[in-house]
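Shown next, in structure tokens, is the structure this report addresses.
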Amino acid sequence: MGKTALLIGSSGLVGSHCLDYLLADEYYSHVEILVRRPLAVEHPKLIQHELNFEQLNEEVSKIKVNDVYCCLGTTIKIAGSQEAFRAVDFTYPVEIAKLCRANGADQFLLVTALGANSNSSIFYNRVKGEVEASISKLDFKSIYIFQPSLLLGKRPNRRLGEEIGQSISKWLSFVFKGPINKYKPIEAKAVAFAMIQSAKTQLQGTQIIESSQIQAIYTT
Ligand SMILES: NC(=O)c1ccc[n+]([C@@H]2O[C@H](COP(=O)([O-])OP(=O)(O)OC[C@H]3O[C@@H](n4cnc5c(N)ncnc54)[C@H](OP(=O)(O)O)[C@@H]3O)[C@@H](O)[C@H]2O)c1
């Protein structure tokens with residue numbers, strides 16, 4: 001009997017790669033996803049839970065899995081306010097983590113971002129730091145926190161700022177050497193790959209995996 005996984009954020013850039021890897025990997029016997037709208041993906045291993053994220057308790061308290069993958073996220077622009085951003089990037093991941101831990105999950109894998117810091121004066125970095133801190137306090141056997149730099153990959157909906165950033169950094173990729181290597185943009189696929197590989201190592205405690213380490217896991 002293989003391991004079981006719950007994935008949140010499966011329609012997103014990192015999450016969709018994560019879903020592909022999880023479904024293809026024999027290490028997992030089944031994969032459950034939480035979605036606002038059903039995904040047009042059919043697979044014998046896949047169970048979709050369509051739900052309102054404002055009422056996670058009812059659905060998530062029934063889910064029993066080994067590993068929880070969280071690739072949730074939004075932007076303040078898309079969410080419409082700092083409060084709405086915080087709900088997606090902090091409240092939902094923490095609520096899901098608590099419910100899954102209470103139901104016996106052993107591992108939690110979370111994507112935050114380079115610069116995550118609960119003491120930061122920058123709101124985005126502060127929320128990312130706060131979600132890391134809150135989840136790290138839960139008594140999972142293993143917690144893996146991935147801190148990617150700017151993500152590379154094709155999105156269904158355009159994000160102009162990110163596209164400009166991606167183009168500039170592709171041109172300047174030779175600059176990201178030595179200590180600033182962690183700022184080098186990274187393929188979303190590499191983040192997803194590193195998440196699945198890390199889950200298999202089952203290291204005890206909390207591991208922080210910076211962008212350059214994510215890249216190393218992907219390329220070695
Ligand atoms: N973009 C970057 O360059 C960058 C850099 C570093 C770190 N990160 C972080 O990396 C993580 C993954 O990023 P990504 O670019 O792969 O994310 P993404 O493509 O924007 O996907 C976000 C996921 O979160 C879900 N989501 C958003 N708002 C939601 C809501 N209100 N309720 C329920 N689900 C909601 C989306 O579902 P729907 O399809 O239902 O909207 C989607 O599955 C995020 O935490 C992000 O902050 C991003």
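When reading the values below, keep in mind they use all heavy atoms of this one structure, side chains included, and skip hydrogens, waters and symmetry mates. Numbering starts at 1 and runs along the sequence shown.
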> What's the verdict on side chain to side chain contact (heavy atoms under 4.5 Å, CB included) for Ile143 and Ile135, showing C-alpha distance, side-chain angles and the deciding distance?
Replying inline: CA-CA 8 Å; Ile143 295 170; Ile135 286 177; 4.2 Å; yes

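- Minimum heavy-atom separation, Ala188 to Leu13: CB-CG, 3.5 Å.
- The main-chain N or O of Tyr183 is found under 3.5 Å from a side-chain atom of Ser149 such that the two form a donor-acceptor pair.
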When the side chains of residues 212-220 are checked against the rest of the protein, which donor-acceptor pairs come out under 3.5 Å, sequence neighbours left out?
unit_1: Gln213; atom_1: OE1; unit_2: Glu210; atom_2: N; d: 2.8
unit_1: Thr219; atom_1: OG1; unit_2: Gln215; atom_2: O; d: 2.7
unit_1: Thr220; atom_1: OG1; unit_2: Ala216; atom_2: O; d: 2.6

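- Centroid-to-centroid, the aromatic rings of Phe85 and Phe123 come within less than 6.0 Å.
- In this structure, CG in Leu56 is found 12.5 Å from NZ in Lys98, a value given to the nearest 0.5 Å.
- Annotation: side chain of Leu7 is not in contact with side chain of Val68 (no heavy-atom distance under 4.5 Å).
- Not a single donor-acceptor pair under 3.5 Å links the side chain of Arg101 to the backbone N or O of Leu138.
- Across all their heavy atoms, Leu110 and Met195 have their closest contact at N-CE, 4.5 Å.
- Checking Leu203, Ile145, Ile209 one by one against Ser198, the side-chain contact (heavy atoms from CB on, under 4.5 Å) holds for a single residue, Ile209.
- The cluster map of Ile, Leu, Val, Met, Phe, Trp and Tyr, joined by side-chain heavy atoms under 4.5 Å apart, puts Leu99 and Phe53 in the same cluster.
- Atom CD1 of Ile196 and atom CG of Leu109 lie 8.0 Å apart (nearest 0.5 Å).
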> So Val60 and Cys100, side chain to side chain contact (heavy atoms under 4.5 Å, CB included) or not? Walk me through it.
Replying inline: CA-CA 7 Å; Val60 183; Cys100 289; 4.0 Å; yes

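- For the atom pair CG of Asn66 and NZ of Lys141, the computed distance is 9.0 Å after rounding to the nearest 0.5 Å.
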>> I'd like to know whether Ile8 forms a side chain to side chain contact (heavy atoms under 4.5 Å, CB included) with Tyr69, so could you lay out the CA-CA distance, the side-chain angles of the two residues, the decisive distance to 0.1 Å, and finally the verdict.
In response: CA-CA 6 Å; Ile8 309 112; Tyr69 288 80; over 6 Å; no

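- Separation of atoms OG1 (Thr4) and NE2 (His30) is listed at 5.0 Å; rounding is to 0.5 Å.
- Inter-residue side-chain proximity for Val41 and Leu23 is flagged as met; some heavy-atom pair is nearer than 4.5 Å.
- With a 6.0 Å cutoff to the six-membered ring centre and a 45° limit on the axis angle, Arg86 counts as a cation-pi contact of Phe90.
- The two residues Ala192 and Val14 come nearest to each other via the heavy atoms CB-O, 3.8 Å.
- Gln202 and Ser142 share no donor-acceptor pair across their side chains, judged by distance under 3.5 Å alone.
- Without hydrogens or angle criteria, Arg126 side chain to Asn119 main chain gives no donor-acceptor distance under 3.5 Å.
- Atoms CD and CD, from Gln204 and Gln207 in turn, are 9.5 Å apart once rounded to the nearest 0.5 Å.
- Linking ILVMFWY residues whenever their side-chain heavy atoms come closer than 4.5 Å, directly or via other members, places Tyr92 and Tyr124 in the same cluster.
- Asp67 and Tyr28 share a side-chain donor-acceptor pair at under 3.5 Å.
- The 12-atom threshold is exceeded at NZ of Lys62, counting heavy atoms of other residues, nucleotides or ligands nearer than 6.0 Å.
- Cluster annotation: Ile208 and Val127 are assigned to the same hydrophobic cluster (Ile/Leu/Val/Met/Phe/Trp/Tyr, side-chain heavy-atom contacts under 4.5 Å, transitive).
- A donor-acceptor distance shorter than 3.5 angstrom exists from the side chain of Gln48 to the backbone of Leu39, with no hydrogens or angles considered.
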> So Gln147 and Glu132, side chain to side chain contact (heavy atoms under 4.5 Å, CB included) or not? Walk me through it.
Replying inline: CA-CA 10 Å; Gln147 298 180 330; Glu132 289 185 352; 2.9 Å; yes

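- Listed here is the closest heavy atom pair of Val35 and Ser10: CG1-OG, 3.5 Å.
- Hydrophobic clustering (side-chain heavy atoms under 4.5 Å, transitive across Ile, Leu, Val, Met, Phe, Trp, Tyr) groups Tyr27 together with Val191.
- For Asp89, the side-chain hydrogen bond (donor to acceptor under 3.5 Å, both in side chains) partners two or more places apart in sequence, or in a different chain, are Lys128.
- In this structure, Asp25 pairs ionically with Lys200, as a charged nitrogen and a carboxylate oxygen lie closer than 4.0 Å.
- Nearest heavy-atom pair, Ile96 versus Leu6, reported as atom, atom and distance to 0.1 Å: CG2-CD2, 4.4 Å.
- Shown here are the side-chain hydrogen bond (donor to acceptor under 3.5 Å, both in side chains) partners of Thr201, two or more places apart in sequence or in another chain: Tyr144.
- Hydrophobic clustering of Ile, Leu, Val, Met, Phe, Trp and Tyr side chains at less than 4.5 Å, counting indirect connections, unites Phe140 with Ile63.
- When all heavy atoms of Phe108 and Pro93 are compared, the closest pair comes out as CZ-O, 4.0 Å.
- A distance of 12.5 Å separates OG1 in Thr112 from CD in Glu130, rounded to the nearest 0.5 Å.
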